[in-house]
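To keep things clear, I will list the structure first and then write my remarks on it.
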2 protein chains.
Amino acid sequence: MLETFRALAEPSRLQIFELLADGPLPVGAVVDRLGMRQPQASKHLRVLSEAGLVEVRPDAQRRIYALRAEPLQELDVWLRRYRRMWEEQFKRLDQVLREEKKRRSR
Amino acid sequence: MLETFRALAEPSRLQIFELLADGPLPVGAVVDRLGMRQPQASKHLRVLSEAGLVEVRPDAQRRIYALRAEPLQELDVWLRRYRRMWEEQFKRLDQVLREEKKRRSR
DNA sequence: TGCAAATATTCCTTGACAGGAATATTCCAT
DNA sequence: ATGGAATATTCCTGTCAAGGAATATTTGCA
């Protein structure tokens, strides 16, 4: 979890990650579309890769990077714990609205 | 999103955040339970607060910190985009298992 | 009013990390 | 085998942020 947050807590890296959501891409494509320099792209992809957020498939002298689902699933599980929280807030809001209505109707 | 990731990408801060999931706490309680020094706790809570992850309610010379749902809901929305991804993987896995079964049954 | 508790802020030092530039590596095509 | 893509790595430098220590601030209470 920490590693996931750390990896995504950097603007360029988050950008790359979100770009890859549209599908796997070789480094060059990332460089072109995001207008960053090739070495930085490689470095960021390395960090993402070490965090398990991304995987590489070699294709000749290219390397195709693709998102990995696992850490996102973990993030989803982590979030579950907090989902309860805002659902309760909704319930409370519902309650308030209900009482509002009642008050107005008399 | 970036701000959320940045705030949670630090061990102590993530710890504090997860501690607050059990309910609101004053700074002192955080200090005691996590064994960190008071100034650092205050600093981290400040960062969490500026990221909107936490809100403060004064109570005499105490300050009660509590989680805020909003950024987590945003995180949930952000995740939605990727949920499709792993659902497709499950579909593919289902397919594979189905074929396995068929193969074994003859 | 003055003290003590709870918390926030400031200042300093240090370590991690991102970007830049240059270079190394890998693999294809000729 | 050699040159040229595509990508990775290294080294350097500057910046930012975290921890430590000391101190300021706020509020309740005797």
Side-chain angles (χ1 to χ4, degrees), chain A residues 1-68 71 75, chain B residues 1-68 71 75:
Chain A
M1 204 58 346
L2 227 196
E3 272 311 297
T4 299
F5 287 140
R6 283 178 45 87
L8 296 177
E10 207 276 340
S12 307
R13 231 134 53 204
L14 186 54
Q15 263 193 290
I16 294 181
F17 187 84
E18 293 183 331
L19 175 58
L20 290 182
D22 295 337
L25 286 179
V27 180
V30 174
V31 169
D32 290 344
R33 306 201 195 189
L34 299 185
M36 56 180 65
R37 319 201 182 235
Q38 179 268 317
Q40 329 300 335
S42 283
K43 287 184 210 170
H44 285 308
L45 283 164
R46 187 188 220 279
V47 174
L48 289 172
S49 168
E50 282 170 351
L53 284 162
V54 134
E55 63 185 5
V56 208
R57 166 169 56 92
D59 169 51
Q61 66 274 57
R62 296 205 166 127
R63 299 190 146 236
I64 314 283
Y65 284 87
L67 296 193
R68 270 173 34 91
L75 184 51
Chain B
M1 208 53 350
L2 227 194
E3 271 312 296
T4 298
F5 286 140
R6 283 177 45 88
L8 296 177
E10 206 276 342
S12 307
R13 230 134 53 203
L14 185 55
Q15 263 193 291
I16 295 181
F17 187 85
E18 292 182 332
L19 176 58
L20 290 182
D22 294 337
L25 287 179
V27 180
V30 173
V31 168
D32 290 345
R33 307 200 194 188
L34 299 186
M36 58 180 65
R37 319 201 183 233
Q38 179 268 317
Q40 330 298 338
S42 283
K43 288 184 210 171
H44 284 309
L45 283 164
R46 189 189 219 280
V47 175
L48 289 173
S49 168
E50 282 170 350
L53 283 163
V54 134
E55 64 187 3
V56 208
R57 166 169 54 91
D59 170 51
Q61 67 274 56
R62 294 203 170 131
R63 300 190 145 236
I64 315 283
Y65 284 86
L67 295 194
R68 270 172 34 89
L75 184 51

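As the structure is a computational prediction, the values presented were derived from the model and not from experiment. Order of the sequence lines sets the chain letters (A, B, ...), proteins ahead of strands, with each chain counted from 1.
Here C:dA5 presents its P atom at 17 Å from CG of B:Asp59, a figure rounded to the nearest Å. If you measure from atom CD1 of A:Ile16 to atom C1' of C:dA18, you get 12 Å, rounded to the nearest angstrom. B:Arg46 has its CZ atom 16 Å from the C1' atom of D:dG19, to the nearest Å. A straight line from CE of B:Met36 to P of C:dA6 spans 18 Å, rounded to a whole angstrom. Remark: C1' of C:dT7 and CG of B:Leu25 are 15 Å apart, rounded to the nearest angstrom. Atom OH in B:Tyr65 sits about 15 Å away from atom P in C:dA6, given to the nearest Å. Between the CD atom of B:Glu3 and the P atom of D:dC16 there is a distance of 14 Å, given to the nearest Å. With rounding to whole Å, B:Arg57 atom CZ is found 16 Å from C:dT7 atom C1'.
Taking NE2 from A:His44 and CD from A:Gln15, the interatomic distance works out to 9.5 Å, rounded to the nearest 0.5 Å. Of the inter-residue distances, the one linking A:Gln40 atom CD with A:Leu45 atom CG reads 11.5 Å to the nearest 0.5 angstrom.
OP1 or OP2 of C:dG19 lies within a sub-4.0 Å distance of a side-chain N or O belonging to A:His44. A sub-4.0 Å separation between OP1 or OP2 of D:dT27 and a side-chain N or O of B:Arg63 is absent. Listed pair A:Arg6 / C:dC17 meets the phosphate criterion, a side-chain N or O lying under 4.0 Å from OP1 or OP2. Put simply, B:Ser42 has no side-chain N or O that comes within less than 4.0 Å of OP1 or OP2 on C:dA6.
Residues B:Ser12 and B:Leu34 form no side-chain contact, since every pair of their non-hydrogen atoms from C-beta on lies 4.5 Å or further apart. In this structure, the side chains of A:Leu14 and A:Glu18 come closer than 4.5 Å at one or more pairs of heavy atoms.
A side-chain contact (heavy atoms from CB on, under 4.5 Å) with B:Tyr65 is found for one member of B:Leu25, B:Ile16, B:Leu20, B:Leu53 and no other, namely B:Leu20.
Under a cut-off of 6.0 angstrom, the local environment of CZ in B:Arg68 is crowded, with over 12 non-hydrogen atoms contributed by other residues, nucleotides or ligands.
Here the shortest heavy-atom pairing between B:Val31 and B:Met36 reads CG1-O, 3.1 Å.
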Going 5' to 3' through nucleotides 20-30 of chain C and flagging B where a protein heavy-atom sits under 4.0 Å of the base, S where only the sugar-phosphate is that close, and - otherwise, we get BBB----SS--
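Where B:Pro26 and A:Ser12 each meet DNA chain C at their nearest nucleotide, the meeting point lying more 5' is that of B:Pro26.
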